[in-house]
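Proteins come first, then strands; the chains are lettered A, B, ... in the order of their sequence lines, and each starts at number 1. Computed over heavy atoms, backbone and side chain alike; hydrogens, waters and symmetry mates excluded.
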There are 2 protein chains.
Amino acid sequence: MSRILVVDDDRQLLRALRINLIARGYDVVLAPDGATALAAASRQPPDLVVVDLGLPDMDGVEVVQGIRGWSTAPVIVLSARHLEQSKVRALDAGADDYVTKPFGMDELLARVRAALRRAAPAVQEPVVETETFTIDLGARRVVRDGADVRLTPTEWHLLEVLVRNSGRLVSQRQLLQEVWGPRYESETNYLRVYVAQLRAKLEPDPSRPRYLHTEPGMGYRFTS
Amino acid sequence: MSRILVVDDDRQLLRALRINLIARGYDVVLAPDGATALAAASRQPPDLVVVDLGLPDMDGVEVVQGIRGWSTAPVIVLSARHLEQSKVRALDAGADDYVTKPFGMDELLARVRAALRRAAPAVQEPVVETETFTIDLGARRVVRDGADVRLTPTEWHLLEVLVRNSGRLVSQRQLLQEVWGPRYESETNYLRVYVAQLRAKLEPDPSRPRYLHTEPGMGYRFTS
DNA sequence: GTCAATCTTGACGGTTTCTTGACGGTGCGG
DNA sequence: CCGCACCGTCAAGAAACCGTCAAGATTGAC
């Protein structure tokens, strides 16, 4: 079962959380402060972290950052209502969810389930290999000639949609909708620009596409 | 039919939405505030959520997050024009689309349809195989001798109509109407030109059609 | 604040696709 | 045999579409 690291300086809350989480079958690791938490996390990598923002030794945000540095485990932040500012910073730092104190145990447990479920899709993401490059959807990496290809967020997003529909024609509407949002359905200029950029980075000969094919008037198709 | 959860504190708008959505055959659940909405959503998981950003008890963004925690149902956000900031945050939180108040009912209904269509699992489109070529309707692809056959949008559209009516005679009127629109019902020149192009690309011997048969004075018939 | 990276936007030329009309072939009925 | 209706063929001009480039605008890092 999943291992959950709980970081809080309130001993009473810590005990309550431990009891409830263990009752749900989770493996629980406790830490009263940030330093202990980071140490514990490196020894026993957790699948999820619950961290209070008001810690004695360091800001909870630092804990979030410290964990995000090497783990993709979801982080749920606990905070008192008056710490709006920290809350925002924590989310920016990579927290996945936050719960305002005081909170009901059921609510927290629900959020834990949700966060784990969201993270769970550890379903083997496909790796697409061509003669020229390799795309690892799970790792968000593209390797060509042994070196990482640098893609901007938008380039990656576009490539991802095309690759997930490998072999299938993806209409311009659908691409714009998935990458730029529902309100850009007719702005085909974006597509032209970004497809060109992807080709420049991936195709052996960008002027004669081998993987990113254009179907005039319809859309684009990725072929491995 | 799809169940739609509508969250808004404007009773008049709520009523208008209910009437219009029900009229379209949707199952509607209403909630005047965030807490009620989340409770209702957990009892009756909706297929789509329409939520106003200006709620009395909590920020609409929180509602979006709350729903996103355990559901993948599309979320459409309603917002007043001056709340640009919240709108962005709502989309970041996982909203699928937003509509600015005041809005026309038709626009909202259209976006509801679009969101539901997008969320709908892709139906398994049939693959038609002949001795000469293979037509994959879902992938929008025709393969012949191991190579992709390039079809223009109009060619594809015409072929699609014929294949979906495989074995049946399709009248010229119907073909013109479906491919070129209702105003071209008598322009049979298009048909002659495009049927010829399809035959050139698909038939082993275009002068002796094996798949795309002409029924003089009536229409065309695709036979696999 | 500055700086770099990324995104957005518009214009241009080349290419693909669509439209249109004319011509010839075929089959049927007179 | 001849005329007519219908279909197949072809090609050229028009229209739509795409690739390309570069200059602002925006964003985020420092």
Side-chain angles (χ1 to χ4, degrees), chain A residues 65 68-69 88-89 91-94 148-159 162 169-173 175-176 178-181 183-203 205-221, chain B residues 84-85 88-89 91-92 140 148-159 162 169-173 175-176 178-181 183-203 205-221:
Chain A
Q65 286 173 327
R68 261 298 119 72
V88 172
R89 286 196 299 125
L91 287 172
D92 285 343
D148 275 25
V149 179
R150 281 183 53 99
L151 295 182
T152 70
T154 306
E155 285 166 6
W156 173 262
H157 202 347
L158 176 60
L159 179 64
L162 286 167
L169 174 80
V170 188
S171 72
Q172 295 162 350
R173 273 181 68 115
L175 287 170
L176 287 163
E178 298 223 20
V179 179
W180 281 270
R183 309 198 63 105
Y184 293 82
E185 280 187 358
S186 56
E187 188 49 76
T188 62
N189 222 349
Y190 290 140
L191 281 180
R192 296 210 296 275
V193 171
Y194 277 90
V195 166
Q197 283 172 197
L198 281 179
R199 282 181 180 147
K201 294 181 178 181
L202 299 180
E203 293 279 359
D205 177 1
S207 64
R208 310 194 334 74
R210 184 170 160 189
Y211 305 105
L212 259 50
H213 299 282
T214 303
E215 310 256 337
M218 300 201 283
Y220 293 88
R221 184 197 310 272
Chain B
E84 286 294 330
Q85 200 54 30
V88 172
R89 287 196 298 125
L91 288 172
D92 284 343
R140 281 210 164 200
D148 277 27
V149 179
R150 287 192 53 127
L151 295 183
T152 71
T154 307
E155 286 165 7
W156 172 264
H157 204 345
L158 177 59
L159 179 64
L162 286 167
L169 171 73
V170 188
S171 73
Q172 295 167 348
R173 274 183 67 114
L175 287 171
L176 286 162
E178 296 225 20
V179 179
W180 281 270
R183 303 191 309 166
Y184 294 82
E185 280 187 359
S186 56
E187 187 50 76
T188 62
N189 219 351
Y190 288 141
L191 279 180
R192 295 209 297 276
V193 171
Y194 276 91
V195 167
Q197 284 175 348
L198 279 179
R199 282 179 179 149
K201 293 181 178 180
L202 299 179
E203 293 280 359
D205 178 1
S207 63
R208 304 167 138 276
R210 185 171 161 188
Y211 305 105
L212 260 50
H213 300 283
T214 303
E215 309 259 340
M218 311 276 289
Y220 293 89
R221 183 198 309 271

Legend entry - B:R150: side chain to side chain contact (heavy atoms under 4.5 Å, CB included) partners, not counting sequence neighbours: A:P216

Inset, instruction - Establish, with yes or no, whether the OP1 or OP2 oxygen of D:dC18 is under 4.0 angstrom from a side-chain nitrogen or oxygen of A:Q172. - result: yes

Inset, instruction - Please list, chain by chain and in numerical order, all residues satisfying side chain to side chain contact (heavy atoms under 4.5 Å, CB included) with A:T154, sequence neighbours excluded. - result: A:T152, A:V179, A:W180, A:Y194

Legend entry - Non-neighbouring partners of A:R183 that pass salt bridge (charged side-chain N to carboxylate O under 4.0 Å, His left out), sequence neighbours left out: none

Legend entry - salt bridge (Lys or Arg N to Asp or Glu O under 4.0 Å) partners of residues 205-219 of chain B, not counting sequence neighbours, each pair once: B:E131-B:R210, B:E215-B:R221

Inset, instruction - Quick one: closest heavy-atom pair of A:A200 and A:P206, and the distance? - result: CA-CG, 4.0 Å

Legend entry - Separation of D:dG19 C1' from A:L191 CG (nearest whole Å): 13 Å

Inset, instruction - Give the rounded distance in Å between these two atoms: CZ of B:R183 and C1' of C:dT19. - result: 14 Å

Inset, instruction - Using five base pairs at each end, measure the axis-to-axis angle across the helix from C:dG1-D:dC30 to C:dG30-D:dC1 and round it to 10 degrees. - result: 30°

Inset, instruction - Just jot down the side-chain hydrogen bond (donor to acceptor under 3.5 Å, both in side chains) partners of B:E155, sequence neighbours excluded, or say none. - result: B:K201

Inset, instruction - Calculate the interatomic distance between A:Y194 atom OH and D:dC21 atom C1'; express it in whole Å. - result: 14 Å

Inset, instruction - Quick one: closest heavy-atom pair of B:T188 and B:Q172, and the distance? - result: CG2-OE1, 3.8 Å

When you compare the protein's N or O atoms with those of nucleotides 20-22 of chain C, which come within less than 3.5 Å of each other, and at what distance?
residue, atom, partner, partner atom, Å
C:dT20, OP2, B:Y190, OH, 2.6
C:dG21, N7, B:N189, ND2, 3.2

Legend entry - Euclidean distance, atom CZ of residue A:R150 to atom C1' of C:dT6 [Å, nearest integer]: 11 Å

Inset, instruction - Mind calculating the distance between CG (B:D205) and P (D:dG8) to the nearest angstrom? - result: 14 Å

Legend entry - Reading 5' to 3' through nucleotides 23-29 of chain D, protein heavy-atom contacts under 4.0 Å coded B for base, S for sugar-phosphate only, - for none: -------

Inset, instruction - Could you list by number each residue of residues 206-215 of chain A showing a heavy-atom separation from DNA chain C of less than 4.0 Å, or answer none if no residue does? - result: none

Legend entry - Residues which pass side chain to side chain contact (heavy atoms under 4.5 Å, CB included) with B:P153, listed by chain and number, not counting sequence neighbours: A:M218

Inset, instruction - Output yes when at least one side-chain N/O atom of B:Y220 is less than 4.0 Å from OP1 or OP2 of D:dG8, else no. - result: yes

Legend entry - Side-chain N or O of B:W180 closer than 4.0 Å to phosphate OP1/OP2 of C:dC18: no

Legend entry - For DNA chain C, the residues among residues 151-159 of chain B that have a non-hydrogen atom under 4.0 Å from it: B:T152, B:P153, B:T154

Legend entry - Where A:Y220 and A:T214 come nearest, the two heavy atoms and their spacing: CE2-OG1, 3.3 Å

Inset, instruction - Taking all heavy atoms of A:R199 and all of A:L212, pick out the closest pair and write down the distance. - result: NH2-O, 2.6 Å

Legend entry - Protein-nucleotide distance (A:M218, atom CE; D:dC18, atom P), rounded to Å: 10 Å

Inset, instruction - Give, for atom NE2 of A:H157 and atom CG of A:L175, the distance between the pair rounded to the nearest 0.5 Å. - result: 10.5 Å

Inset, instruction - Please round to the nearest 0.5 Å and tell me the distance separating atom CG of A:L169 and atom NE2 of A:H213. - result: 11.5 Å

Inset, instruction - Please name all residues satisfying salt bridge (charged side-chain N to carboxylate O under 4.0 Å, His left out) with B:E178, sequence neighbours left out, ordered by chain then number. - result: none

Legend entry - Separation of D:dC7 C1' from B:L175 CG (nearest whole Å): 15 Å

Inset, instruction - Taking only the side-chain nitrogens and oxygens of B:R199, find out if one of them lies under 4.0 Å from OP1 or OP2 of D:dT9. - result: no

